[in-house]
There are 2 protein chains.
Amino acid sequence: MGKLDRRRREILELVASNSFMTIDSLADHFSVTPQTIRRDINEMAEEGLIARYHGGAASVSTTENTAYQDRQVLNLGSKREIAKLVAEHIPEGASLFINIGTTNEEVAHALLGHKSLKIITNNLHVAEICAANQGFEVIIAGGVVRQRDFGVIGEATIDFINQFKVDYAIIGISGVDEDGSLMDFDYREVRVARAIISNARQTFLCTDASKFGRRAMVRLGHLSEIDALFTDRHPGPVWSDVIREADVSVYTAN
Amino acid sequence: MGKLDRRRREILELVASNSFMTIDSLADHFSVTPQTIRRDINEMAEEGLIARYHGGAASVSTTENTAYQDRQVLNLGSKREIAKLVAEHIPEGASLFINIGTTNEEVAHALLGHKSLKIITNNLHVAEICAANQGFEVIIAGGVVRQRDFGVIGEATIDFINQFKVDYAIIGISGVDEDGSLMDFDYREVRVARAIISNARQTFLCTDASKFGRRAMVRLGHLSEIDALFTDRHPGPVWSDVIREADVSVYTAN
DNA sequence: CGGTAAATTTTCGTTACCGATCAAAATGCG
DNA sequence: CGCATTTTGATCGGTAACGAAAATTTACCG
């Protein structure tokens with residue numbers, strides 16, 4: 001293999017892992033002139049290996065599920081802040097369940113600052129995020145993968161979860177009714193969530209305030225089964241009474 | 001929320017899902033002048049939300065596991081070709097096991113062209129890739145997630161896999177000895193692979209020719225247990241005899 | 001060692017993008 | 001409605017990146 005092939009292969013790697021590389025930074029990296037890099041990436045762009053842009057090159061997006069990625073960015077700011085708050089309440093060395101939801105994926109990110117945790121999840125993304133930390137023991141629940149949000153559901157999943165008993169359950173939700181009922185759309189996911197709650201010593205509900213008042217079909221449980229609610233702002237006066245009666249600690253980010 | 005906030009949020013989404021966006025394409029998309037887009041992305045770049053480059057903006061890489069991503073691009077070309085070849089030998093409607101390995105992840109990509117498949121895997125990435133296809137039923141095996149390659153391993157994984165019996169096993173490997181022994185580095189992964197092979201009617205070994213002669217510690221099995229070998233070029237004369245004796249069909253890409 | 005081809009650097013005129021500035025338009029608010 | 005503020009558009013000189021082509025170096029092979 002020639003030096004040229006090796007360089008082009010490495011360019012491909014660099015562009016792939018940084019998503020964008022300037023001509024100049026590549027020229028520096030290989031100690032060649034920008035011209036040489038231009039020739040490389042122009043030819044690679046013709047082969048469709050990378051995408052050429054003015055000033056550099058980007059990886060050609062091979063990603064299948066853009067719909068999900070788009071949804072994931074919605075309300076990203078508040079989700080991040082909620083996640084940070086939750087992470088501050090999880091002690092080092094704890095064991096956790098984390099279920100489905102984009103907010104929970106942000107929680108997983110926020111938890112990466114911890115040294116040592118034991119995490120059991122039915123969310124493919126959470127498993128993948130947490131696996132990055134050497135100090136974590138990550139366990140994925142087996143079962144059918146739901147296409148919509150990469151959640152794992154089904155009877156096998158419930159059986160799997162029932163094998164464990166952990167310190168904290170991190171739960172997301174699709175909606176909260178005026179009477180404090182926690183609601184979701186998929187009864188299979190609800191059954192998994194119930195198994196998670198009943199096998200955890202404490203349950204944290206993580207959801208942005210917009211979910212309060214949102215309608216969903218399947219009843220998951222009630223606020224009184226929750227120990228703490230983490231949200232971006234207080235959900236509003238309608239829920240003040242039911243939250244107080246349910247004896248839920250409320251933590252608001254910001 | 002103002003029109004400006006909405007536009008910036010959407011810019012963030014577009015940049016995130018396309019990894020790079022030019023000023024002009026964004027200006028077209030929002031029907032504003034490039035100046036306006038420049039202002040937007042310059043300010044967002046100051047906040048650290050995106051990365052500014054000459055001619056456009058790229059997503060700031062939040063990715064944790066660059067080491068794995070780098071490795072994944074190695075030999076990408078031949079892996080893709082092997083994967084394509086494998087996909088051509090899998091009939092519509094079949095049920096499959098797919099285990100760990102970057103080549104197998106490419107197989108998962110290649111299989112997306114199929115309409116309907118039932119896929120059971122202990123590889124987080126394969127599950128995620130296959131979940132994109134509405135016609136697929138994807139099942140992830142439960143167990144401990146290995147940090148190195150997002151494989152799921154352990155006793156629970158073996159039990160889970162033993163629940164199924166499928167048409168095809170798609171198997172990757174770390175090395176093949178001169179005597180035809182299939183070798184791997186992790187005995188826990190080997191035990192999962194053995195469970196997969198014994199619960200499949202046919203086994204396909206997918207590996208590039210560079211693995212032939214590579215050393216590894218744990219014996220997984222022997223070429224004679226394999227029905228077909230998919231590779232990028234014939235492994236060489238040293239293996240000709242053992243392959244013939246093992247009665248393995250060899251398919252070489254290109 | 002010499003000759004040939006491939007790869008890289010150098011040079012230079014051209015094009016595309018940039019930021020600053022100011023004017024125009026939209027928006028918000030009493 | 002009218003004023004203040006924010007947001008957007010237009011202009012322009014300056015700079016960075018571009019491709020083409022020639023010159024130079026490197027790699028290869030007998």
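Bear in mind the structure is a predicted one, so any value in this text is a computation, not a measurement. Side chains are part of it too, since the values below use all heavy atoms of this structure and drop only hydrogens, waters and symmetry mates. Lettering of chains follows the sequences in order, A, B, ..., and the numbering in each one begins at 1.
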Sequence neighbours excluded, which residues qualify as side chain to side chain contact (heavy atoms under 4.5 Å, CB included) partners of [X]?
X        : result
B:Asp28  : none
B:Arg219 : B:Ser181, B:Met183, B:His222
B:Val190 : B:Asp184, B:Arg194, B:Val218, B:Leu220
A:Val238 : A:Glu178

List the protein contact pattern of nucleotides 19-24 of chain D with one symbol per nucleotide (5' to 3'): B for base contact, S for sugar-phosphate-only contact, - for none; contact means a heavy-atom distance under 4.0 Å. BB----
Any B:Thr36 side-chain N or O less than 4.0 Å from OP1/OP2 of D:dT8: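 B:Thr36 to D:dT8 OP1/OP2: no side-chain N or O under 4.0 Å.
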Interatomic distance, [X] [atom1] vs [N] [atom2] [rounded to whole Å]:
X       : N      : atom1 : atom2 : value
A:His54 : C:dC18 : NE2   : P     : 9 Å
A:Phe20 : D:dA17 : CZ    : C1'   : 12 Å
A:Arg8  : C:dA6  : CZ    : P     : 14 Å
A:Ile23 : C:dC17 : CD1   : P     : 14 Å
A:Met21 : D:dA17 : CE    : P     : 14 Å
A:Ile11 : C:dT8  : CD1   : C1'   : 13 Å
A:Arg7  : C:dA7  : CZ    : C1'   : 8 Å
A:Asp40 : D:dC18 : CG    : P     : 13 Å

Can you name the side chain to side chain donor-acceptor pair (under 3.5 Å) partners of B:Thr22, sequence neighbours left out? B:Ser25
Quick one: list whatever passes salt bridge (Lys or Arg N to Asp or Glu O under 4.0 Å) with A:Glu43, sequence neighbours left out. A:Arg8
Checking A:Asp179 now: which residues fulfil salt bridge (Lys or Arg N to Asp or Glu O under 4.0 Å) with it, not counting sequence neighbours?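 Applying salt bridge (Lys or Arg N to Asp or Glu O under 4.0 Å) to A:Asp179 gives none.
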May I ask you to say what B:Tyr53 touches in the nucleic acid, namely base, sugar-phosphate or nothing, with a heavy-atom cut-off under 4.0 Å?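 Sugar-phosphate contact only.
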Hey, which sits more toward the 5' end of DNA chain D by its nearest nucleotide, B:Arg39 or A:Ile41? B:Arg39
Dump the intermediate steps for ring pair (Phe, Tyr, Trp, His ring centres under 6.0 Å) on A:His89 and A:Phe230, then the final yes or no. CA-CA 10 Å; A:His89 285 78; A:Phe230 293 82; 5.2 Å; yes
Let me test you: for the helix from C:dC1-D:dG30 to C:dG30-D:dC1, what is the angle between the axes at its two ends (five pairs each), rounded to 10 degrees? 50°
Do the ring planes of A:Tyr53 and B:Phe20 sit parallel (below 30°), tilted (30 to 60°) or perpendicular (above 60°)? tilted
